[in-house]
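The next block holds one structure in the form of structure tokens; read it before the comments.
Residue indices begin at 1 and follow the sequence shown. What you see below is based on every heavy atom in this structure, not just the backbone, and it leaves out hydrogens, waters and symmetry mates.
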Amino acid sequence: MWTSLLAALILATPAPAASSQAPITVLVAPPDAAGAPSHVIEFAQEHVATQLESRGMVVIRVEDVTRKLPASKRRALLRCNRTEPSCIQSLGAAGKAEVVLVAELGQFLSGYRTGARMYLARDGSLITEHLIPGVREDQLLDALTQSLEVVVPRTRTALRGPPPMPPMKDVPPPGVTPPPRPPPTATTPPQVVTPVEQPPAPEAHPLRRWAWLPAAGGVALAGVGTLFYLQAGDKYDELDKGGTDVPISDPDDVASSGRRAQTLSRVAFGLAGVGLVTGAVMYLLPGDAPPKVQPSAAVVPGGGMVGLSGTWP
């Protein structure tokens with residue numbers, strides 16, 4: 001008699017409610033992935049499971065559940081319509097989970113519609129969902145993470161209640177004098193920094209603005225020297241051919257003309273160098289001091305000579 005009474009009391013006692021601190025068990029069901037490639041589905045499923053575990057949920061993968069079922073029951077469970085409550089109930093019962101998560105990876109012309117839906121396993125009712133349309137394939141994992149950041153807190157609140165309020169700071173009872181504040185520490189006044197006057201910059205040399213004149217003359221003389229150099233080359237080619245095409249009437253005159261053109265080209269190049277150096281010296285000399293560098297040029301038999309005398313500033 002006592003045994004029968006004890007058994008009746010045990011059966012009549014309601015099952016204890018889930019603790020607010022107990023983790024939620026979630027079955028990750030096959031996603032709704034119409035048109036999505038198989039590798040995208042595999043990556044998405046594993047990403048969803050990892051994200052749920054990082055948020056404190058106990059994850060049950062559907063492949064771990066269906067591996068132990070017969071082939072006929074496995075096909076029926078994987079092919080059921082995951083928008084119907086009966087399918088959600090069957091998945092939750094097979095995985096012994098509180099909730100069932102169904103990810104969505106529908107492919108459309110505008111991109112993927114990505115998100116997650118949370119169902120209550122015992123009756124198949126929808127707890128919450130969050131879907132993002134127009135997602136590119138390289139943004140699928142980020143979109144799934146964004147959806148989980150929305151549905152996981154809502155699911156935890158629906159099953160475990162709102163999170164506990166943070167403890168309030170202790171307030172001293174009336175009549176208790178708070179401890180005195182420490183006296184303010186003396187602060188040193190900020191030091192005034194006097195700006196240091198910078199010495200005036202040296203004035204530009206009066207000749208500096210005319211430095212372009214000798215430089216321009218040097219460039220022109222370089223062009224003249226190039227012309228005479230090419231003319232001397234033509235005379236050399238004429239003598240080198242030896243009059244094979246047209247007889248040379250006066251070879252000595254051609255040779256003399258070539259030497260003259262060569263000498264003039266050297267003189268022109270030398271004067272061009274003098275002009276360029278003079279322009280550079282006029283530009284670089286600072287202040288009003290007289291120039292300390294003097295350029296010089298001389299023509300010698302068979303060539304020319306350019307030189308500088310003095311000291312640089």
Side chain to side chain contact (heavy atoms under 4.5 Å, CB included) between Ile88 and Val102, intermediate numbers included: CA-CA 9 Å; Ile88 300 298; Val102 179; 4.3 Å; yes
Sorted by chain and residue number, the salt bridge (Lys or Arg N to Asp or Glu O under 4.0 Å) partners of Arg122 (sequence neighbours excluded) come out as none
Atom pair OG1 (Thr155) and CZ (Arg160), whose distance is rounded to the nearest 0.5 Å: 11.0 Å
Closest approach of Val26 and Ala97, non-hydrogen atoms and distance? C-CB, 4.1 Å
With sequence neighbours excluded, residues passing side chain to side chain donor-acceptor pair (under 3.5 Å) with Thr157: none
Are Leu91 and Leu77 close enough that some pair of their side-chain heavy atoms sits under 4.5 Å apart? yes
Would a 4.5 Å heavy-atom cut-off, applied to side chains only, mark Thr114 and Leu131 as touching? no
Identify each donor-acceptor pair in which a side-chain atom of residues 31-43 lies under 3.5 Å from a protein atom, sequence neighbours left out, and give them as a table.
| from | atom 1 | to | atom 2 | distance (Å) |
| --- | --- | --- | --- | --- |
| Asp32 | OD1 | Arg82 | NE | 3.4 |
| Asp32 | OD2 | Arg117 | NH2 | 2.6 |

Side chain to side chain donor-acceptor pair (under 3.5 Å) involving Glu63 - partner list, sequence neighbours excluded: none
Report yes or no: do Val99 and Leu52 belong to one cluster of Ile/Leu/Val/Met/Phe/Trp/Tyr joined by side chain heavy-atom distances under 4.5 Å? yes
Taking the side chain as everything from C-beta on, heavy atoms only, tell me whether Ser147 gets closer than 4.5 Å to Ile132. yes
Is there a side-chain contact between Arg156 and Ile24 in this structure, where contact means two heavy atoms from C-beta onward sitting under 4.5 Å apart? yes
Min side-chain heavy-atom separation Thr66-Val62 under 4.5 Å: yes
For the residue pair Cys87 and Asn81, what are the closest heavy atoms and their distance? CB-O, 2.9 Å
For Arg55, which residues count as a side chain to side chain donor-acceptor pair (under 3.5 Å) partner, sequence neighbours excluded? Gln51
For Gln89 and Asp123: C-alpha separation, side-chain torsions, deciding distance, then whether side chain to side chain contact (heavy atoms under 4.5 Å, CB included) applies. CA-CA 6 Å; Gln89 288 176 327; Asp123 58 3; 4.1 Å; yes
Here the salt bridge (Lys or Arg N to Asp or Glu O under 4.0 Å) pairs for residues 127-136, sequence neighbours left out, are Arg136-Asp138
How far does CD of Gln139 sit from CG of Leu144, to the nearest 0.5 angstrom? 12.0 Å
Any side-chain heavy atom of Leu159 sitting closer than 4.5 Å to one from Leu120? yes
Is Leu126 linked to Leu27 within one hydrophobic cluster, defined over Ile, Leu, Val, Met, Phe, Trp and Tyr using a side-chain heavy-atom separation of less than 4.5 Å? yes
So, do Thr145 and His47 sit near enough that their side-chain heavy atoms are less than 4.5 Å apart? yes
Glu137 CD to Leu105 CG distance, which is reported to the nearest 0.5 Å: 10.5 Å
Heavy-atom nearest pair, Pro23 first then Gly56, reads CB-O, 3.5 Å
For the pair Val48 and Val59, evaluate side chain to side chain contact (heavy atoms under 4.5 Å, CB included) and give the outcome as yes or no after the intermediate values. CA-CA 10 Å; Val48 168; Val59 176; over 6 Å; no
Between Ile127 and Tyr119, is there a shared hydrophobic cluster once you connect ILVMFWY residues whose side-chain heavy atoms come closer than 4.5 Å? no
Are Val152 and Ile60 connected in the hydrophobic side-chain network, where two residues link if heavy atoms are under 4.5 Å apart? no
